[in-house]
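Worksheet: one structure, shown below.
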Amino acid sequence: MTGEDSHDPLALRLGGLAVAPPRDLTGALYGDWTRVDGPVGELLVAFTEVGVSYIRTAASVGDDDDTFRDRFHALFQRPLRRASDVPAGLRRALRGQDAAGVAVDLRVLTPFERDVLTATREIPTGQTRPYAWVAHAIGRPKAVRAVGTALGNNPVPLLIPCHRVTRSDGSLGQYVFGAELKERLLRAEETNVDELLDFARSRVAYIGSDGVYCYPTCTRARTAADPRGLRTLAAVRAAGLRPCELCTPAG
DNA sequence: CGACAAATTAAGG
DNA sequence: CCTTAATTTGTCG
């Protein structure tokens with residue numbers, strides 16, 4: 001109908017990418033979708049020949065299949081057909097295991113958004129990082145607010161764990177599906193949410209269980225091994241701990 | 001191209 | 001503790 005019009009935004013974005021050709025024509029025209037149980041209720045999941053491309057909670061689409069399809073279509077410009085199977089490894093990934101093994105289709109995103117999500121994907125299950133950490137990880141330490149915007153756009157929440165990105169002061173921050181769900185997700189994967197919230201209250205810098213992590217606002221720090229002891233950054237160094245790159249930017 | 005919104009942050013009252 | 005300016009990116013007119 002419209003032919004190969006070069007003004008199609010999807011076509012433009014595809015233009016610069018070397019993507020393996022689809023196995024068949026229908027695969028290129030349709031996306032597949034299915035329902036699957038997640039850690040916090042039912043999810044609707046869409047995927048293409050490239051990978052998982054769109055995930056919403058049933059609650060967020062009013063438990064309505066058509067709403068889900070409409071949103072998908074607005075983003076990907078193709079209709080959805082019901083799939084018989086869930087993509088391999090997805091159930092495990094949603095439980096926080098081997099999520100990296102599941103392919104995702106992020107082609108409709110901008111390079112910046114892809115960078116943000118790729119970095120976010122590295123955050124291990126049970127841990128969190130601040131928005132400022134993600135910004136630093138992608139080489140744009142000042143793009144902190146933009147990181148939040150990009151995460152809010154995450155088409156595949158849970159699979160790419162944007163719920164593990166919190167504010168630098170330890171408070172949990174916002175979430176696509178609401179702050180409440182963010183907290184429930186974190187608790188479900190055994191993150192020490194109380195410790196984070198306590199940190200937010202105390203306004204004292206924190207070094208996480210990996211031993212090297214703290215927050216940019218800090219002038220003092222404490223460690224997981226010695227959670228009550230406050231130290232200056234100099235004392236942290238003297239104790240043989242590496243101050244985080246947020247406190248002391250690399251270079 | 002200009003204006004505005006956004007899942008932040010840090011500084012100042 | 002609360003308010004505000006700074007900053008970066010994406011989107012829309």
Side-chain angles (χ1 to χ4, degrees), chain A residues 7-17 40 53-57 59-61 71 73-77 106-123 127-189 191 193 196-206 208 213-221 232-233 243-250:
Chain A
H7 297 306
D8 183 322
L10 179 59
L12 283 175
R13 280 166 174 146
L14 286 172
L17 298 173
V40 291
S53 51
Y54 196 56
I55 299 179
R56 301 286 96 172
T57 61
S60 73
V61 293
R71 302 235 175 110
H73 189 264
L75 213 47
F76 290 86
Q77 314 287 320
L106 303 178
R107 288 176 296 172
V108 300
L109 302 182
T110 66
F112 177 82
E113 289 170 324
R114 276 196 294 268
D115 287 348
V116 167
L117 295 184
T118 303
T120 300
R121 218 178 177 190
E122 304 300 314
I123 305 173
Q127 295 188 27
T128 61
R129 298 287 185 278
Y131 295 94
W133 179 90
V134 177
H136 190 273
I138 63 175
R140 318 201 111 76
K142 296 187 183 165
V144 179
R145 218 171 185 291
V147 164
T149 306
L151 290 175
N153 249 335
N154 179 8
V156 287
L158 296 121
L159 186 52
I160 291 182
C162 56
H163 61 281
R164 294 180 196 147
V165 184
T166 67
R167 290 175 143 225
S168 290
D169 70 353
S171 55
L172 300 187
Q174 301 301 315
Y175 187 55
V176 221
F177 303 134
E180 216 171 302
L181 191 51
K182 186 174 191 172
E183 178 165 354
R184 280 204 321 198
L185 278 170
L186 289 173
R187 289 192 190 281
E189 55 191 37
T191 298
V193 173
L196 278 176
L197 295 179
D198 177 58
F199 166 68
R201 240 187 328 273
S202 69
R203 302 172 136 275
V204 174
Y206 167 80
Y213 190 72
C214 66
Y215 291 86
T217 56
C218 61
T219 53
R220 296 182 296 174
T232 64
L233 281 185
C244 77
E245 295 161 342
L246 293 171
C247 293
T248 53

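Numbers restart at 1 for each chain; the letters A, B, ... are given by sequence-line order, proteins then strands.
Within residues 149-157 of chain A, the residues having any heavy atom closer than 4.0 Å to DNA chain B are, in order of number, T149(A), L151(A), G152(A).
The closest side-chain heavy-atom distance from L197(A) to L172(A) is below 4.5 Å. Counting only heavy atoms from C-beta outward, the side chains of V176(A) and N153(A) never approach each other to under 4.5 Å.
Closest heavy-atom contact between Y175(A) and P157(A): OH-CB, 3.9 Å. When all heavy atoms of P130(A) and V165(A) are compared, the pair lying nearest together is C-CG1, 3.8 Å. Here the closest non-hydrogen pair linking I160(A) and L117(A) is CG2-O, 3.6 Å.
Across the protein-nucleic acid pair, E113(A) atom CD and dA7(B) atom P stand 13 Å apart, rounded to whole Å. Rounded to whole angstrom, the span from the CG atom of L106(A) across to the P atom of dG10(C) amounts to 14 Å. In this structure, D115(A) places its CG atom 15 Å from C1' of dG10(C), rounding to the nearest Å. Straight-line distance from the NZ atom of K142(A) to the P atom of dA5(C): 19 Å, rounded to whole Å. The CG-P distance, from L172(A) to dT8(B), rounds to 12 Å in whole Å. In this structure, L185(A) places its CG atom 14 Å from C1' of dA7(B), rounding to the nearest Å.
Of the side-chain N and O atoms in S168(A), one or more sit less than 4.0 angstrom from OP1 or OP2 of dT9(B). Within the 4.0 Å cut-off from OP1 or OP2 of dT9(C), at least one side-chain nitrogen or oxygen of R140(A) is found. Close to dT8(B), at under 4.0 Å from its OP1 or OP2, lies a side-chain N or O of R167(A).
Nucleic acid contact class of V147(A) (heavy atoms, under 4.0 Å, all strands): none. When heavy atoms are screened at a 4.0 angstrom cut-off, A143(A) is found touching the sugar-phosphate backbone but no base atom.
Nearest-nucleotide assignment on DNA chain C puts the 5′-proximal partner with R145(A), out of R145(A) and F112(A).
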Next item on the list: Would you write the dot-bracket representation of DNA chain C, where each base gets (, ), [, ], | or . depending on whether it forms a Watson-Crick or G-U pair under 3.5 Å and with which partner?
Entry: ||||||.||||||
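A donor-acceptor pair shorter than 3.5 Å cannot be found between the side chains of H163(A) and E183(A).
With hydrogens and angles disregarded, no donor-acceptor distance shorter than 3.5 Å links the side chain of S60(A) to the backbone of R56(A). Judged by distance alone, the side chain of K182(A) and the main-chain N or O of C162(A) form no donor-acceptor pair under 3.5 Å.
A salt bridge is defined here as a Lys NZ or Arg NE, NH1 or NH2 lying under 4.0 Å from an Asp or Glu carboxylate O, and E122(A) with R129(A) fails to meet this definition.
You'll find that the side chain of Y175(A) is closest to dA7(B), out of dA7(B), dT7(C), dT9(B).
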